Amino acid sequence: MLPGWLILLTSFGYLSLLFAIAYYGDRRADRGRSLIGHSSIYALSIAVYCTSWTFYGSVGRAASTGLGFLPIYLGPTLMFALGWAVIRKIVRISKVHHITSIADFVSSRYGKSHLLGGLVTVIAVVGIMPYISLQLKAVSSSFAVLLHYPDLAAAHPMSASPFEDTALLVAMVLALFTILFGTRHIDATEHHEGMVAAIAFESIVKLLAFLAVGAFVAFGIFGSPGELFRQAAAQPQLARLMSVEAIGPNWITLTLLSMAAIIFLPRQFQVTVVENVDERHLEKAVWLFPLYLFAINLFVLPITLGGLLRFPGGALDTDTFVLALPLAEGAPYLALLVFIGGLSAATGMVIVETIALSTMVCNDLIMPVLLRFGRLHLSERSDLSGLLLGIRRGAILFIILLGYLYFRLIGESYALVTIGLVSFAAAAQFAPAILGGIYWKGGSRQGAVAGLSAGFAVWAYTLLLPSFAKSGWLPESIVDLGPFGLHLLKPYALFGLEGLDSISHSLFWSLAANVGGYVAVSLAGSKSTIERIQATLFVEVFSQSESGRGLGAWRGKAAVADLRELAARFIGRERAQQAFADFGRRHGFDIDKRTEADADLVQYVERLLAGAIGAASARVMIATTVQGEGIGIEEIMEVLDETSQVLEYSRQLEHKSQELEAATRELQAANQRLKELDRMKDEFLSTVTHELRTPLTSIRSFSEILFDNPELDATQRGEFLSIVIRESERLTRLVNQVLDLAKIEAGRMDWHLEDLDLAGLLNDAAASLRGIFEERDVGLDLRLPAPSPLVRADRDHLTRVVINLLSNAQKVCGPGTGRVEMWMEPGEGEAAVFVRDNGPGIEPDLQDKIFEKFYQLAAGGTGNPSGSGLGLAICRSIVERQGGRIAVHSRPGEGATFSFTVPYPPG
Amino acid sequence: MWREEATGERLAAVFLLGLALFSPLVLRLFDRGPETVLAGIPLLYVYVFGAWGLLIGLLAWAMRSRPAVPPPREPPPLDFSV
């Protein structure tokens, strides 16, 4: 129908147009006027999700399961609702850490581990291999249909001769095109703006093509969708497709699977995360991308039913309906448009997927090996960007050829969707490590390795292995009977789990192994310091990036020239120069005048390199340049030590300052007391001199009278002389008491502590005062227990205290009515002696003061005019010196009770 | 900040609604055979695409009614195009 040259010409013309768009996009980006700075373009680029699977395979799927093709698109819709926060977080983390691929992400999260990066890369390459083969199969078979229709026997895409093998041709063209597209130069950000622009354009083309053929079928062939459905409903086979029954059991599984795939397929990660130029674009994509999915699926069912009506009896592969319908209805140019649409879907997927995979293979598989086994003397080569490009180009070719190989081996045995689901299940293996990694700090490197390898192994065993068996490359008995006849190990019914379709079955077991391994090993094992750091940086990315800093932890020194040299090696001299100048400009200094790099610059260069060779390798490279190493464990420990030391110092300081405060308080108190003492000393002096002067004045005046009047009669002279004598005695007593008090207070009093019979001592003291009491007619009662306790005290001093208290008591009592009681009570560790009078009593506020020096009760004339005011002060000094206490209890008008205690002898 | 949270809650609600709308049990409710049609289209198909459209509408509403939030502070750009 259509000449082959026209198809080829159109195809190459279209690819050239794409290339032109990409080239233009890159040029615009280089000039700083990005083509893709629009959220709609971003949403359209995410639509790279819709591949040949969508374009051709959905109809094939719908032909057998009705609505069963739809979960693959409902899942992403749900994920964009649920995952807005998740995707935003991943995007933010990737921007902050310069993540360039899904392998880089996982590796970086778990301590910049080479092992994990490599593992993820291997899983991705092997897992995506079927998906790429799907695209090759779709393009080559659609080409064959277009070329040979209606001679379907000839439309067999596989040919014995490689030169006539359209799939190989397609593979080669796609590889070439991808290389031209994605690896023109090494970019530190891994942004391929031109590619994104081309992908967005392709998304529009495939949508328009599909809508065109859908409208053609629904309205052109059948007149209206209603008529189409009416005709279909008339046939029981087709009517079945309009029921829930046709969907089959895996509706929920496929929804879950596609939810994971929309983020974790390497190409989706590439366009959604790595190529994202502005986080805010996500806001529109949240609904615009699902809308795109909605639109491109709108006509799937009409086309399916139309195809089944038009080609009854399975005459045609249902995957080719989209193309065959316009051909059969005589619309070859519409068919050509459909072919171009399908080509768009396939090329978009292959380009993005292989660029993403090649970046991973280069950064996370090959470069680490080259860096580790320094055979190539990488550090001596001046420009490695050429090497990097070479590796990536080789990787692209390798990956596409791997897809081709899978197609040659397996391709004919499966429908498009079935092949694609195998890849979805592989991509889902990344979910635990990544989702766990951004929400759970406890996830460890070992856990991620264990989970990923276990999940991948189960996936390979339950999905990949059977596909080889079904295609005859392995004995089919492995699938039917289990390896070596072990029924429990049947790949489609592992451990006897039957009744699920193969995808649900594999997903269940692989995710069980994956999540189980990840969580169990993470919980059981330990984590290195850098793992902890990265875990915190990832999980807390929002708070971290808002605080702006705190990412690197490069300490130590590096020369600017060294860093520049290093960067130049990987991204080219010119770009390195530009980047450094840029950095200087942003930070407001001339970079050429700097010799030593600060931590910011070191980190900046690490991120530059991370774009080119992956985070883990970049770290290694930087570590060779930075003197004093990066973040070795010793250093971290040192930092920790320093921190804890600082904490300790601060704690000590606080302690000291508290001590100081306490000392200050004590000092203040002491100072206060000293002032008080000083004041008391002054008072004491003035009181003493005053007290001395009174008797002295008296003595002097009487002596003068006697001296001046020799003629005084004998009686009068005797009276005067007796006053002089009495005052002299009083003077002597006063001086003695002052001396005593001074001696006690200075601690110079002689103490002869001995064990005394307290009752005996009290008796003796009372006896010596008996005369005075009788003279003043004051009664004295003694109540002393018979077995008197022994106390430890100085006999003379203690006797003085008792006499002092008794004599004070009798002084305050009125003659005739006065009564004084003295008794003792043995107590705990000491005996108490009480002396009670029935005098006027003491006001409560004076009760403390009477023990002070020179305090004399003047109340009611019952004071003690002959007292020195030192008696009670001396008593208190004596009692306290001997380890006792002295106190007074009194109420005005009810007399007073003085009490003091004397300790028992020790032991 | 509450606006961010409100958006997140709305989206979570849309997600839960989606789960409910697309659960096989609910699909079964609308499975009335090929004869039950709405505008000539089987009810089941109308329902599934209608519910899907509703979800997308709600997503757009949840995002568009979002007040303009100042963009997060980006890390320093690393583009150094020549």
Side-chain angles (χ1 to χ4, degrees), chain A residues 29-32 67 70-71 73-74 77-78 80-82 84-85 92 95-96 98 188-189 191 224-227 229-230 232-233 238-239 242-245 247 251-252 255 278-280 283-284 286-288 290-291 294 297-298 301 542 545-546 548 574-575 578-579 582-583 586 604 607-608 611, chain B residues 4 7-8 10-19 21-45 47-49 51-53 55-64 66 68-82:
Chain A
D30 286 348
R31 273 191 252 118
L67 282 174
L70 213 49
Y73 308 98
L74 296 179
T77 304
L78 293 175
F80 265 60
L82 177 73
W84 183 68
R92 178 70 69 87
K95 283 191 180 305
V96 170
H98 257 254
T189 51
H191 277 177
S224 77
E227 174 62 20
F229 285 118
R230 203 188 52 72
L238 305 195
M242 300 179 197
S243 70
V244 174
E245 304 307 321
I247 292 172
W251 174 272
I252 293 174
T255 308
D278 186 344
E279 211 174 287
R280 283 170 297 172
E283 291 175 17
K284 194 168 189 184
V286 163
W287 59 270
L288 195 55
L291 187 63
F294 179 88
N297 279 295
L298 207 50
L301 287 163
F542 285 112
S545 60
E546 261 141 43
E574 201 175 328
R575 278 166 182 273
Q578 184 82 18
D582 220 38
F583 181 86
R586 245 198 335 273
Y604 176 75
R607 283 163 51 183
L608 272 180
Chain B
E4 287 286 315
T7 307
R10 282 176 185 169
L11 289 173
V14 174
F15 169 74
L16 292 176
L17 178 68
L19 281 190
L21 290 180
F22 294 131
S23 74
L25 293 175
V26 176
L27 290 187
R28 233 168 259 283
L29 284 181
F30 291 87
D31 186 8
R32 294 294 160 88
E35 291 79 26
T36 319
V37 292
L38 199 67
I41 300 164
L43 184 64
L44 182 65
Y45 291 0
Y47 168 71
V48 170
F49 278 90
W52 195 4
L55 278 188
I56 294 168
L58 286 175
L59 282 179
W61 167 76
M63 298 310 296
R64 297 202 97 172
R66 241 164 80 82
V69 177
R73 189 140 51 107
E74 295 273 342
L78 277 187
D79 297 304
F80 43 88
S81 2
V82 183

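Chain identifiers are assigned alphabetically (A, B, ...) following the order of the sequence lines, protein sequences preceding nucleic acid strands; residue numbering begins at 1 within each chain. Everything quoted here is computed from the prediction, not taken from an experiment.
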Between Leu67(A) and chain B, with a heavy-atom cut-off of 4.5 Å, which part of the residue counts as in contact: side chain, backbone, both or neither? side chain
Could you tell me which portion of Leu82(A) (side chain, backbone, both or neither) has an atom closer than 4.5 angstrom to a non-hydrogen atom of chain B? both
Side-chain touch Trp61(B)/Trp287(A), heavy atoms, less than 4.5 angstrom: no
Ile247(A) portion near chain B, given a 4.5 angstrom heavy-atom threshold: side chain
Can you find a pair of side-chain heavy atoms, one from Val26(B) and one from Tyr47(B), that are under 4.5 Å apart? yes
Going by side chain to side chain donor-acceptor pair (under 3.5 Å), name the residues that satisfy it together with Thr255(A), two or more places apart in sequence or in a different chain. none
Considering only heavy atoms, which portion of Leu27(B) lies under 4.5 Å from any heavy atom of chain A: side chain, backbone, both, or neither? both
Non-hydrogen atoms of chain B under 4.5 Å away: do they reach the side chain of Phe583(A), the backbone, both or neither? neither
At a heavy-atom separation under 4.5 Å, does Leu298(A) approach chain B through its side chain, its backbone, both, or neither? both
Mind checking whether Glu227(A) and Arg230(A) have side chains closer than 4.5 Å, heavy atoms only? yes
Is chain A contacted by the side chain of Leu19(B), its backbone, both, or neither, given a heavy-atom distance below 4.5 Å? both
Search all heavy atoms of Pro290(A) against all heavy atoms of Trp52(B) and return the closest pair with its distance. O-CZ2, 4.3 Å
